[in-house]
Structures are given as C-alpha cells and as structure tokens.
There are 2 protein chains.
Amino acid sequence: MSQPPERAVPTSTDVARRAGVSRATVSYVLNNAAAVRISEPTRRKVREAADELGYVPHAGARSLRSGHTRMVLLPSAHIPVGPLYSGFFNDLQWALRRLDYTVVQYGSLGLDGDGAARAWAELRPVAVVSLGEISLTPHGVNVLKRSGAKAVITLGPQRVAGAHALVMDQREIGCGAVSHLVERGRRRIGVVMPEEPGLGFFSQPRLAGARSSAAASGAHVEPVPLAYTERSAAALARRWRALGLDGVYAYNDEYAMLLMRALQDEGIDVPGETSVIGADDLLLGRLLRPRLSTVRVDLVTGQRLAELVDRVVRDPGGEPERHDLMGARAVARESS
Amino acid sequence: MSQPPERAVPTSTDVARRAGVSRATVSYVLNNAAAVRISEPTRRKVREAADELGYVPHAGARSLRSGHTRMVLLPSAHIPVGPLYSGFFNDLQWALRRLDYTVVQYGSLGLDGDGAARAWAELRPVAVVSLGEISLTPHGVNVLKRSGAKAVITLGPQRVAGAHALVMDQREIGCGAVSHLVERGRRRIGVVMPEEPGLGFFSQPRLAGARSSAAASGAHVEPVPLAYTERSAAALARRWRALGLDGVYAYNDEYAMLLMRALQDEGIDVPGETSVIGADDLLLGRLLRPRLSTVRVDLVTGQRLAELVDRVVRDPGGEPERHDLMGARAVARESS
DNA sequence: TTGAAAGCGTTACCAG
DNA sequence: CTGGTAACGCTTTCAA
C-alpha cells in the first residue's frame, strides 16, 4: 500500500484530463455552480474521475482566487480546564459549522499580541474570535482587519478598540464571592491566587473584584498563593490560623475543594471557623461535605456567539458593539 | 478609527511600490533570504513600508507557490475534559511550535471519517495528528497522503492502515480496573457507561477490557448506564442493592466520585459493601473520603510526539510504525 | 454545454 | 544588487 515517494498531488487539471473535459467544467461540477447547466453524464464522469484520483481542492488556491475564506479562527493558548469552557467551545464550533464556517483553533502559545495577530492574519480568516488569553491590541485588530477579517470579536474583561467586544468581567466573580462572604458576617477574607501559569489573566481581575467589594463593606482582603497540589494546600492549611482569616474565596471550585479538604484535615471547621466559596459551580463541588458554595457564571452560549459572528461578517460596516454578558451570582450551599 | 468599507488588502506589490523596489526584493527582505545580499538601507525601506501598510503575507499564496506548508493539523471534535489531556495538548503545541510548525486544531464535530479527511486535506497540512475521536479510515489516510501530508499519525485504540500509530489501548484501563477489583475479592462488578454523547469512543473499549479481565478470572461484569447528574446517580444508588454488585469500575474519576457519593448517601458502605474505582488519577479524587482508588494512565508526552511528527515529515518514506504506549496501572487508595 | 484565458499573491530563476 | 517573468491551482468571464 505504500506510495511511490513523490506522487504528485492531483489537481483539477488531472481531473479534467481524466474526465475528458475542461478545468472550468470540473470546477462547475464540483462546486455545484447554479449559473451553468452541465449534462448529467458529464457530471458523473467528473465526479468519478475526482473520486478515483482522490482529488481534493486546494483551499489556499481557492481563497487566493476568490479573495476570501470561510475560516473562523479561534486563538487558543492554554485551553482552560473545565466542563464549562469545553462545553461552550464545542457549542460554538458546532453552531459555526452549521452556518458553513470552517472553525480553526490556532495554537498561539508563546506569541505576543502583535506577533499573534500577524500569524493569524496570514491565514486570511474571515473572522477571529479571541477568547482573551492572548491580549489583542488595537494595532493587532487593525492588522487583522486590513488582512481581510470582517469580524474581530473579543471575549474578555475589557473591550479592545476596533473590535466587537463581549465583555465578561471576571471582576464580577470575585465581587460576588466576597459580597456573599461579607453577608455571612465574614470580615477577614482570603483570596486564593493560583500559582499555575496562565491563570493570572483570570485570577487578577477576580482579585480586583474581591477588593472592590471588600472596600465597599469595610472588610479586609488577603491574597493567598496556592498551587494545585495537596502539598501546597496542606502547607497553607498549616499556617491558616496564623493568617487569622474567617472566610476564603478560592478562585474556582477546584482550588476551593482542594483547600477545604486541607483545612478540614487540619481540624479547621468549615464553615464554622472559616467559610469557603469557589466559582464555576462544578458538579463535583456538591459531592463534598459540607457542600461547596460557589459563584455560578452564565457564559454566553456558543449559539449566540456564532450568530454574532455571522451577523458581523455579513455586515461589517457597523460600529463595534459592546455586550456585557456575564451574570455572576453566588450559590449558597453549606461551606459558607 | 473605522476603515473605509472596501479597503484593499495590501500585497507585496504595494509594499514594493511604496518602498520603491521590486517585488522580488520585498520577498527577499521579508523572508531573510540568505542567497542574495541586500543593502541595509533597502532592507530598512522595505520593512518600514511593510509595517506602515500592515502587510502580512498570504499563507495560501505562499503554499501555492512553494507546494508545501508547515501546518500540523490536529482534528478536534470534543475536547476531552481534564487536566491530563489539556496538559498534553499544550505540550504538543508548544513543542511543535519550537520545531517551527504551525499548529492548527480543526473543529470536526459532526463530520464522518472520510468527509473529515477531505476537509482537512483542503488545507494541505504537512502532517495530521488524529487524536482518535474521529475515526480515520484507510481511505481517509490515503486522501490525506495524496494531498501532500507527509505524516499521518493516529493516537488511538488501534492502528489504521497507512498511518503511523501511537496505540493507546483504552481496554487496558478497564482491564486494570477490573483486575484490581478481582484481586480484592470482588466477583460481581459493575462498569459505568456514561450516557453523555461522544464518550462511547472511550467507554466501549474500556468495557471490553473489563470484560476480558473478568472472563479470565470467572468474575461477572455488568454494564451500568449513568448520566453525569446527581439525579441519575441517586437513581442508580437506589437500585444498587437490587443489582447485587460488590464492586464497580466507574469509567473515570469524575463518574466514580459522583457514584460513590450517591452510594454513601444511600447508606451503602464503600468499600465494605461495594468497592469503587475510577480512572485518570484526578487530584480531586483524593479529597473524598474514602480516597478514591483509580487507574493511572501514562500518556505520551507532547515533546515525544512532536519529535515523531518531525521525524516522519523529514523522512516520510519509512513504513508506518506502531508504538504501544499506554501504561495503565491501578492505584489503590481507600475506596477499594 | 463546453473551452480558452485571465488573474489572484507569492517566490524562484535568470538577465541585467 | 535589482527587475522581469513564469508558474503554482483555482474560479470566473467571455466566446464559441
């Protein structure tokens, strides 16, 4: 079954030759061109020839000729862990495919804003949906638009000049968590800051939100570094009483579960001595005892985002819009 | 800041005109061509012109001309949830980028094997690394190779003719789990089958492995459907005693945690009355009491896989290799 | 119905 | 060092 080393890639010329027609005819048949009517026998011949040769059109050549693509590019550096996010992602892909777009995730780990924008622009995507891990600059947006991108949409904490923005203000999460703890009478509140790389983009604004909420109510906020390991959690738990905190917002449910268990193992009563709240409303948080309180986040649905992409692509003229779309609300369970 | 609606995309011709040089010179400068020596002032002029125009080369045109790309395509239907997988993914992307490849994940949700292969082939990737969710057929492999892919590598339960295979036999996981339970004296063993779509690809072979292990030791295996909701778990727990099972392998740690909690809430002692084991060795599994036993899986590192890709791309002639790479071993904690 | 030809942006080759 | 030219694969307009 192994091929001769340098077998040429079949082109539409090969298909045409094999079917005994012109290249134009091949193109018409394979693209179901409505403008011209081709006889059924000819169509059959063309299709058969294409099949036999294993002909697949060259997307680059096509876009070169047509001047556009149907590619929606989603930059992805770290894929955030969690069912919330991956569910959203899958929805979005599915919805965009329904609208006949080709969805491509471009691994952009280790590229800076403008370098990334240039790399993306080389592919001439019709739209870019930036999930916010790569900070797109106004200049980057410009490069993309100049390169033919009809829609540049950012999903993140703030808008970027020139791009449509779906503003998901992570601060609301920290704010909601701390407000909840304050309502419960907590005054000295720890905020877990993950030590894992790549999370600062989320954890920093969450901390800022926590701070602003605390400031409004005269509570104290204390950032607490924590790595996602049992060791780190145990070490933190050991010096917990020295910190003198009576409540903690632990970044998300996973860190919260880890910390809560460590506190319990250290003999610290939750929520009696310390209240704990996470974020993301993971199912697993309900399995611990006490059940983990959390901040639930309403993400935009993939379907709605896909519709926005399509609308902007069809009518790129409009001024960039800004939608605020994150609702964050605390869900009280038993740990707070 | 908004652009005139139909601003043309700048090309190397525009750059050449603006810099007052020929297109060839632009190409030489921008690609750092070693063969020709261009004066420093000229280089500067060209770079400035490119910058001012926001020129970005057209990847399609380039690949058309050069006849190849540096794109490594990773099909992704569902992104499997979990730190294991996303860590591997990020490693792989990073390592491939180091080797100067462009990594692109292609959303292939809802495409069948051959349709997907054709869609991928349109992009003329130099390599395709299929994570196995999309079942690549021998015919699909052929289409890809014909379209110029030097390396087609599958990561999955079995090899596909014509492709290099990194065989990760999911059966080993089910096998390891059930063997562990049998060693613990369990004879009637439930195997949780997730009801969520898209997991059959993993759960079926795991069940098969469980069956073969049970057959070898005369134990009984009973497939048990379970959705990833508390309701479903509670319902299953309620009829648990009627099932008469004394051990359960729960697909992975997340389902295992869910089920274990439901069993405990129903008053069923774990591991006294029923042993529970999961898979994937999630950190969270160690937070429950009893601590969750699990099957740990050794995935190939992204670095090694990247090296394989590069090697095959450079020397595509060789016969497809097959590497067996999954080690699965049970980790006994307290739930079994 | 089909064919011929132009042109999309890029780069390699070859003469100046 | 620079510029002209051709070719990559494809679509589309115009003509036959």
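Here is the naming used below: chain letters follow the sequence lines, and residue numbers restart at 1 for every chain.
Remark: P of D:dC1 and CD of B:Glu40 are 10 Å apart, rounded to the nearest angstrom. Remark: C1' of D:dT11 and NE2 of A:His58 are 14 Å apart, rounded to the nearest angstrom. Look at CG on A:Leu64: it is 11 Å from P on D:dT11, rounded to the nearest Å. Taking atom CZ on A:Arg17 and atom P on D:dC10, their separation rounds to 13 Å, with Å as the unit. The CG atom of A:Asp14 sits 11 Å away from the P atom of D:dC8 (whole-angstrom rounding). B:Tyr28 places its OH atom 12 Å from the P atom of D:dG3, with the value rounded to the nearest Å.
Residue-level contact check: A:Val21 touches the backbone only, with heavy atoms under 4.0 Å from sugar-phosphate atoms and none from bases. Here A:Thr42 lies in heavy-atom contact (under 4.0 Å) with sugar-phosphate atoms only.
Closest non-hydrogen pair, A:Val312 versus A:Ala151, comes out as CG1-CB, 3.5 Å.
The salt bridge (Lys or Arg N to Asp or Glu O under 4.0 Å) pairs that include a residue from residues 109-119 of chain B number zero, where partners must be two or more places apart or lie in different chains.
Remark: of the listed residues A:Val72, A:Val103, A:Leu74, A:Leu74 is the sole one forming a side chain to side chain contact (heavy atoms under 4.5 Å, CB included) with A:Leu92.
For DNA chain C, the contact window with chain A, defined by any atom under 4.0 Å from a protein heavy atom, covers C:dT1 to C:dG9 in 5' to 3' order.
Looking at which nucleotide of DNA chain D each of B:Arg23 and A:Ser27 is closest to, the 5′-most match is held by B:Arg23.
Counting heavy atoms from C-beta on, the side chains of A:Lys145 and A:Val152 come closer than 4.5 Å. Between A:Leu305 and A:Ile153 there is a side-chain heavy-atom pair separated by less than 4.5 Å.
The side chain of B:Arg65 lies closest to D:dA6 when the candidates are D:dG9, D:dA6, D:dG3.
With respect to the salt-bridge test (charged N to carboxylate O, under 4.0 angstrom), the residues B:Lys45 and B:Glu40 do not qualify.
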